[in-house]
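Notes to accompany the following structure.
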Amino acid sequence: MHPSAFLSLKFHHSFSLFLIVYIAHICQAWLPDTSTKFNSANKISSISFTGNSSNNDDHFIILYQDQETLLLGGRNRIYNLSIFDFTERKKSEIFWPSLEAHGQLCILKGKSEEECQNYIRVMFNTSPGKLLVCGTNSFKPLCRNYVYKNGNYLVEKESEGIGVCPYDPEHNSTAIYTNGHLFTATVADFSGGDPLIYREPLRTELSDLKHLNAPNFVSSVTYGDYIYFFFRETAVEFMNCGKVIYSRVARVCKHDKGGPHQSRSKWTSFSKARLNCSVPGEYPFYFDEIQATSTIIEGIYNEKTSKIIYGALTTPDNAIGGSAICAFQMNDIQEVFKGPFKHQESINANWLPIPDNKIPDPRPGECVRDSRILPDANVNFIKTHPLMEKAVPSYHGRPILIRVSLNYRFTAIAVDPQVRTVNGKTLPYDVIYIGTDDGKILKVVNLATEQSSKAFVISDNEVFPKGTAVKQITLAVGYGRVVAVSKGEIKLVTINHCKFMATCSECIELRDPHCAWDQLRNLCVSVDAVTSFRYLVQDVARGDNSKCKVSTNEKEPKKEIDDTITSNSIDEEPSSSVKELSLQIENRHSEPDDCSNDINADVRTGCNQIRKNEFTTGTLWWGIIVAAMIGMFVGFVGGYCVSRKFYMQYPNTPFIEQRNHLDRLNVNQNSFLARPKNVNLDVLNVSSDPLPPKKDNLGSLKNLNITNEGIKRLTNVGSQLEDI
Ligand SMILES: *[C@@H]1O[C@H](CO)[C@@H](O)[C@H](O)[C@H]1NC(C)=O
Ligand SMILES: *[C@@H]1O[C@H](CO)[C@@H](O)[C@H](O)[C@H]1NC(C)=O
Ligand SMILES: *[C@@H]1O[C@H](CO)[C@@H](O)[C@H](O)[C@H]1NC(C)=O
Ligand SMILES: *[C@@H]1O[C@H](CO)[C@@H](O)[C@H](O)[C@H]1NC(C)=O
């Protein structure tokens with residue numbers, strides 16, 4: 001064989017090997033950890049409300065909700081709807097359009113007819129019978145205090161809404177009312193260039209990129225003495241290396257009174273930290289853009305009671321579509337705010353933690369009795385160091401759910417907390433509803449334990465037409481009932497599939513804590529509709545249908561079960577594997593043992609399915625190997641042709657070439673082997689550079705404390721080994 005051909009064969013061989021390892025590595029990180037059991041094509045029932053205007057420009061937002069009523073902010077109106085059937089209570093509706101003059105001025109300033117309306121964004125019940133309402137008012141935010149008298153809402157007072165309500169109905173703002181104070185995070189100017197966190201008269205620094213840098217606010221919660229704001233913004237600590245967006249949690253003290261002297265109208269307690277929602281590894285893969293959070297949920301996780309908040313985070317818009325759900329413990333968030341601050345010595349220097357001895361006393365950024373008498377050093381410190389050094393880790397150190405999809409990203413989240421199981425022994429589960437920008441709602445159950453952080457996707461439901469983003473989800477009364485909001489429509493949907501499950505196996509394999517198999521009636525029932533749990537079976541943790549055979553009543557012919565499962569998996573495959581790269585590996589993880597003790601028919605049925613799933617994964621692996629072989633072959637032929645051509649063009653030179661190769665072979669056997677390896681690494685680097693993970697990893701590398709690097713590396717490798 002021609003030596004250079006041999007070289008190229010060798011080269012391509014080890015290259016493909018590398019490629020396989022590399023792809024395997026990526027796959028490992030990207031494996032969506034769930035498969036969908038149930039795809040409710042047209043099976044969910046819903047009630048829709050589209051408001052008064054005919055076109056889809058209401059910019060709906062749920063302002064308030066209780067057991068009976070839903071108050072919906074929209075174009076020039078607050079609608080009062082019944083939570084049960086969306087009937088409109090026209091009598092207690094508030095109609096508040098912009099003044100003609102304001103509308104005209106808005107149009108003169110170059111905004112559209114649609115924008116120049118009064119979109120109600122903020123509403124709070126300040127005391128019984130009194131409402132504080134704020135609207136965009138044709139890009140001139142305005143607030144009103146209403147009082148309820150004789151069946152009507154009367155305007156008590158009108159005031160400017162700057163810093164309270166956004167100008168643009170599409171701006172991502174948040175507001176929370178507590179202890180008689182309104183805390184808001186929005187923008188305070190027409191062009192949207194002055195973001196702020198505000199509580200009269202205190203605000204964050206004006207045009208200080210360390211405080212807020214083009215933020216998109218997502219939510220706000222009150223917890224202890226502080227208000228916490230969740231948002232994403234351009235990362236100031238990364239600006240020397242390019243533009244990257246990070247997710248943040250910021251907090252202010254509820255009873256901050258402002259600083260002394262010139263800082264009278266500035267927070268003395270504003271600080272913020274990065275949220276770390278990532279797949280661990282030597283180079284962690286980050287989901288850096290928070291889109292939504294749940295409320296704070298108190299529950300039992302890992303046999304301990306803790307308070308957590310779920311977040312939906314995504315990769316950047318221009319990257320491969322990846323979405324994740326991460327849970328953050330309130331304790332971990334507080335811990336980060338007690339830790340070191342980040343500091344940048346000069347404009348081009350790295351951001352490093354500030355040494356403890358340079359932090360003034362009392363500790364900046366905390367609640368104090370009267371912030372107006374704080375020393376200047378303290379106030380200045382927090383003004384110049386609002387960013388914490390450490391990132392808030394996610395619970396379990398990784399997302400509970402990852403979805404890779406070309407079709408959608410997560411946009412909204414709501415949680416039905418701690419749904420109890422029918423057998424009192426197993427702990428309750430959180431049922432999570434996730435909205436996507438493609439009009440879907442996924443119903444998911446959080447199964448995370450100490451050993452594995454997994455969520456299981458129960459169903460995938462089309463709620464709005466394709467391309468319509470779900471902007472907000474709230475819970476209504478009844479298992480599976482949720483209110484979903486899009487820009488121009490709100491829907492009351494019932495994402496409860498119990499009654500569509502015909503057999504015990506189907507019912508149990510759905511793994512929905514809302515459903516259980518009633519052995520007496522041979523029905524899959526919604527657990528909130530039954531009075532006694534006595535004859536109910538359910539297995540949320542494992543979806544193990546062998547529990548069905550306990551029932552003597554069940555007379556399912558075995559064949560039928562097989563059929564159902566087969567057709568299920570076939571139905572499933574086109575949508576999950578083709579459309580979204582969903583690899584169905586979950587079952588293999590959760591029930592590996594059942595296959596080996598192949599004792600009875602019921603268990604075997606389960607195994608059939610497991611094998612089928614394995615086969616799907618296997619096919620993919622074969623695909624990769626075949627692709628690699630083809631790559632190898634093409635590379636070989638290509639290399640051979642090039643070398644032939646080279647030989648034809650310069651018939652004399654190959655001698656030297658050949659001798660060189662031979663020399664190298666003779667002089668050092670190892671160098672020949674080592675050489676292609678180096679080349680491969682280069683190739684890998686080049687080929688993976690445009691991928692977003694790399695970009696991000698640069699950031700994480702940069703953030704690494706140099707002294708810690710070795711240790712971090714080691715732990716990363718450790719956690720990767722655990723993965724395998
Ligand atoms: C919307 O409300 C306005 C004012 O109340 C009314 O004049 C108009 O007829 C309504 N339009 C529809 C489609 O209901
Ligand atoms: C909404 O309508 C219900 C039923 O008419 C009423 O009880 C409730 O007070 C109304 N809510 C508001 C905020 O107007
Ligand atoms: C608000 O957030 C949504 C969803 O992430 C995004 O598409 C939109 O551009 C944001 N709005 C603004 C004004 O940035
Ligand atoms: C985020 O968490 C991952 C996994 O727990 C860890 O490897 C990584 O170093 C963390 N990143 C930051 C910036 O703290």
Side-chain angles (χ1 to χ4, degrees), residues 59 63-72 78-83 87-94 123-125 128-131 133 146 148 151-153 166-174 186-187 192 195 214-218 231-233 235 237-238 245-247 273-292 312-314 316-317 326 336 342 351 388-399 409-412 435-437 453 469-472 487 696-697 699-705 708-709 711-720:
H59 296 276
L63 298 168
Y64 169 88
Q65 196 184 322
D66 63 23
Q67 299 291 310
E68 292 168 0
T69 300
L70 189 141
L71 298 181
L72 185 68
I78 297 180
Y79 299 94
N80 182 334
L81 305 180
S82 153
I83 190 82
T87 44
E88 220 180 320
R89 284 103 170 233
K90 289 235 178 209
K91 266 202 172 147
S92 41
E93 177 177 292
I94 292 178
M123 191 218 79
F124 291 101
N125 223 326
K130 292 201 174 187
L131 294 180
V133 179
Y146 282 95
Y148 194 67
N152 279 310
Y153 279 104
Y167 287 66
D168 181 342
E170 276 295 280
H171 188 268
N172 297 302
S173 300
T174 174
T186 182
V187 283
N216 270 279
F217 297 104
V218 158
F231 59 102
R232 55 182 194 271
E233 66 168 352
E237 68 267 41
F238 197 84
I245 289 173
Y246 282 170
S247 296
R274 183 179 175 189
L275 294 169
N276 182 352
C277 176
S278 62
V279 183
E282 189 169 1
Y283 302 101
F285 186 88
Y286 289 95
F287 296 88
D288 263 335
E289 302 199 2
I290 194 163
Q291 303 294 338
L313 295 96
T314 64
D317 264 347
C326 273
V336 168
K342 246 195 205 327
W351 288 77
M388 307 311 297
E389 163 67 13
K390 295 217 173 89
V392 180
S394 58
Y395 202 8
H396 309 290
R398 52 166 64 232
R409 272 164 219 272
F410 295 169
T411 50
T436 74
D437 60 2
S453 67
V470 178
K471 301 214 143 186
Q472 202 182 1
K487 188 179 165 202
D696 224 336
N697 292 332
S700 75
L701 268 184
K702 185 180 169 272
N703 291 340
L704 285 183
N705 185 342
N708 282 341
E709 191 168 24
I711 301 163
K712 283 198 182 171
R713 283 256 161 112
L714 277 180
T715 33
N716 283 340
V717 170
S719 56
Q720 222 154 23

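When a ligand or atom number is given, it counts from 1 through the structure's own listing order. A quick note: this is a predicted structure, and the numbers were derived from the prediction, not measured.
Note that OG1 of Thr411 is 6.0 Å distant from CG of Asp437, once rounded to the nearest 0.5 Å. In this structure, CD on Glu93 lies 10.0 Å from CG on Leu72, to the nearest 0.5 angstrom.
Considering all non-hydrogen atoms of both residues, Pro215 and His171 come closest at O-NE2, 4.4 Å. Here the shortest heavy-atom pairing between Ala412 and Ala292 reads CA-CB, 3.7 Å.
For the pair Leu313 and Phe410, the minimum side-chain heavy-atom distance is 4.5 Å or more. Met388 has its side chain out of reach of Lys342: every pair of non-hydrogen atoms, C-beta onward, lies at least 4.5 Å apart.
Less than 4.0 angstrom separates some heavy atom of Asn276 from each of these atoms of ligand 4: 1 (C), 2 (O), 3 (C), 8 (C), 10 (C), 11 (N), 12 (C), 14 (O). Of all atoms in ligand 4, numbered sequentially from 1 with element shown, those under 4.0 Å from a heavy atom of Pro280 are 4 (C). Atoms of ligand 4 found under 4.0 Å from any heavy atom of Pro284, numbered from 1 in the order shown, are 7 (O), 8 (C). Less than 4.0 angstrom separates some heavy atom of Ala391 from each of these atoms of ligand 4: 14 (O). Residue Gly397 approaches ligand 4 through these ligand atoms, each under 4.0 Å from one of its heavy atoms: 4 (C), 5 (O).
Looking at His171 next to ligand 3, no N or O pair under 3.5 Å apart turns up. At a 3.5 angstrom cut-off on N or O pairs, Tyr286 counts as close to ligand 4.
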Using a cut-off of under 3.5 Å, which N/O atoms of ligand 2 pair up with protein N/O atoms, and what distance separates each pair?
{"unit_1": "ligand 2", "atom_1": "2 (O)", "unit_2": "Asn80", "atom_2": "OD1", "d": "3.1"}
{"unit_1": "ligand 2", "atom_1": "2 (O)", "unit_2": "Asn80", "atom_2": "ND2", "d": "2.4"}
{"unit_1": "ligand 2", "atom_1": "2 (O)", "unit_2": "Arg89", "atom_2": "NH1", "d": "3.4"}
{"unit_1": "ligand 2", "atom_1": "2 (O)", "unit_2": "Ser92", "atom_2": "OG", "d": "3.3"}
{"unit_1": "ligand 2", "atom_1": "11 (N)", "unit_2": "Asn80", "atom_2": "ND2", "d": "2.9"}
{"unit_1": "ligand 2", "atom_1": "14 (O)", "unit_2": "Asn80", "atom_2": "ND2", "d": "3.4"}
{"unit_1": "ligand 2", "atom_1": "14 (O)", "unit_2": "Tyr153", "atom_2": "OH", "d": "2.7"}

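When non-hydrogen atoms are compared, ligand 3 lies under 4.0 Å from neither the backbone nor the side chain of Asp437. The part of Arg232 lying near ligand 3 is the side chain, judged by heavy-atom distances below 4.0 Å.
Between the side chain of Arg232 and the main chain of Asn216, no donor-acceptor pair closer than 3.5 Å is present. Formation of a donor-acceptor pair under 3.5 Å by the Ser173 side chain with backbone atoms of Thr186 is not found in this model.
For Tyr146, there are no ring pair (Phe, Tyr, Trp, His ring centres under 6.0 Å) partners two or more places apart in sequence or in a different chain.
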